[in-house]
Student: 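One structure coming up, written as structure tokens, with questions to follow.
Quick note: numbers below take in every heavy atom, side chains included, and nothing from hydrogens, waters or symmetry partners.
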Amino acid sequence: MSHTAHIPSHRKPRQRASKSALRAGVAGGFLSTIAVAGAAGPAQAEPVTQTIEMPTITDGLSTAVAASAQATQQVALDLETRASEDAAAEKAAKTAKKAHAEAVREAEAKKKAEAAAKAKAEAEERAERASRTAERTTLSASSGSSDSGSSASASVPSSSSNVSGSAASIVAFAKAQVGDAYVSGGTGPNAWDCSGLVQAAYRTAGIDLPRVSQSQSTAGTQVSLDNLQPGDILYWGGAGSAYHVAIYVGGGEFVGAQNSSTGTVQRSLDYDRPTGAVRVL
């Protein structure tokens, strides 16, 4: 016996020939089947179209989407409303600012107009006084020597304290109107023009005078300014063309509705010497 006879071999035992043949047969048959199937199929295969179904929207998801859309719409409406309110507020502020500026302008214009009216009235009064002075100068120069005997320092005409009868009524009425306003065409009871006041005063004595100063300056007997009596009508300008009248109340004073600046006043004859006078009583 050899010295290696009892040492086992380390190589794997060979498979049996029958198993190898079986495996070869199975493999061959499978490949043959594939080959036959390939040969039997069409030369060019059509592409397969596959339809994929999308998941169905459930009721819960639909409700959530609708709620989200509604919320978005509400936000848009809120923003639009706020924008409209802001625009309205801005417009109102601009309107108020414009109205305030207009009110300020109107107030300033009114103030300027009042100042201008006052200045105009004062200028008219000065012009009126200057015109009366010039008229007196002209009339005095034309009177000639008939007035040469009169004195500038003649005694003051009779005082109103001696007035009685119709003259007293006329004087009392005229004095009671001192402080009333002057309004062109005014006939009382609280606003007068010059001839309206004279006419109303004489009416208290039952005497109806013409309405305008031109006619009133010739309604009676012409008298000298040095021989005046309470109740006499004073006039400025020519007799028959007088532009202003007043009532002599005694004590060297008269009452007349002068102008819109002074209203109805009681003044001295020296304040504005009249041109002439007439006596109706």
Student: Which value, rounded to the nearest 0.5 Å, describes the distance between Y182 atom OH and L197 atom CG?
Tutor: 11.0 Å

Student: Extract all donor-acceptor atom pairs below 3.5 Å that involve side chains of residues 250-257 and protein atoms in other chains or at least two apart in sequence.
Tutor:
from	atom 1	to	atom 2	distance (Å)
E253	OE1	Q266	NE2	2.7

Student: Please report, to 0.1 Å, the donor-acceptor pairs under 3.5 Å made by any side chain of residues 203-210, with sequence neighbours excluded.
Tutor:
from	atom 1	to	atom 2	distance (Å)
T204	OG1	S169	OG	3.0
T204	OG1	A201	O	2.5

Student: Could you list the residues that satisfy side-chain hydrogen bond (donor to acceptor under 3.5 Å, both in side chains) with S195, not counting sequence neighbours?
Tutor: R211

Student: Using only atom types and a distance under 3.5 Å, with no angle test, would you say the side chain of T275 pairs donor to acceptor with the backbone of G237?
Tutor: yes

Student: Going through the distances and angles, do S224 and N227 end up as a side chain to side chain donor-acceptor pair (under 3.5 Å)?
Tutor: CA-CA 5 Å; S224 170; N227 190 32; over 6 Å; no

Student: Starting from V171, can I reach F173 by hopping between I/L/V/M/F/W/Y residues whose side chains sit under 4.5 Å apart?
Tutor: yes

Student: Residues two or more places apart in sequence or in another chain: which of them pass side chain to side chain contact (heavy atoms under 4.5 Å, CB included) with A277?
Tutor: V223, L225, L228, L234

Student: Establish whether Y243 and L269 are linked, either directly or via other cluster members, by ILVMFWY side-chain heavy-atom contacts under 4.5 Å.
Tutor: yes

Student: Is there a donor-acceptor contact under 3.5 Å from the side chain of W236 to the main chain of D272?
Tutor: yes

Student: First locate atom SG of C194, then atom CD1 of I247, and finally report the distance between them rounded to the nearest 0.5 Å.
Tutor: 10.5 Å

Student: In Å and rounded to the nearest 0.5 Å, what is the OG to CD1 distance from S213 to I233?
Tutor: 10.5 Å

Student: To the nearest 0.5 Å, what is the distance between CH2 on W192 and CD on Q258?
Tutor: 15.5 Å

Student: The criterion is side-chain hydrogen bond (donor to acceptor under 3.5 Å, both in side chains); which residues satisfy it with T187, sequence neighbours excluded?
Tutor: none

Student: E102: which residues meet the side chain to side chain contact (heavy atoms under 4.5 Å, CB included) condition with it, sequence neighbours left out?
Tutor: R105, E106

Student: Between the side chain of S68 and the main-chain N/O of A64, is any donor-acceptor distance below 3.5 Å?
Tutor: no

Student: Looking at A191 and V183, what are the two nearest heavy atoms and their distance?
Tutor: CB-CG2, 3.7 Å

Student: Looking only at heavy atoms, what is the nearest atom pair of S217 and G240, with distance?
Tutor: OG-N, 2.8 Å

Student: Can you name the residues that form a salt bridge (Lys or Arg N to Asp or Glu O under 4.0 Å) with K94, not counting sequence neighbours?
Tutor: E90

Student: How would you list, by chain and number, every residue that makes a salt bridge (Lys or Arg N to Asp or Glu O under 4.0 Å) with E108, sequence neighbours excluded?
Tutor: none

Student: Identify the two heavy atoms, one from D180 and one from P189, that lie closest to each other, and give their separation to 0.1 Å.
Tutor: OD2-O, 3.5 Å

Student: With sequence neighbours excluded, tell me which residues meet side chain to side chain contact (heavy atoms under 4.5 Å, CB included) with A239.
Tutor: T218, Q222, Y235

Student: Which pairs pass salt bridge (Lys or Arg N to Asp or Glu O under 4.0 Å) with one or both residues in residues 227-251, sequence neighbours excluded?
Tutor: D232-R279

Student: Can you list, pair by pair, the side-chain donor-acceptor contacts under 3.5 Å of residues 73-88, counting residues two or more places apart and other chains?
Tutor:
from	atom 1	to	atom 2	distance (Å)
Q74	NE2	D78	OD1	3.0
T81	OG1	L77	O	2.9
S84	OG	E80	O	3.0

Student: If we ignore hydrogens and angles and just use 3.5 Å, is the side chain of D193 paired with the main-chain N or O of G185 as donor and acceptor?
Tutor: yes

Student: Which heavy-atom pair separates V265 from T262 by the least distance, and what is that distance?
Tutor: CG1-O, 3.5 Å

Student: Quick one, I170 and L281 - any side-chain contact, counting heavy atoms below 4.5 Å?
Tutor: yes

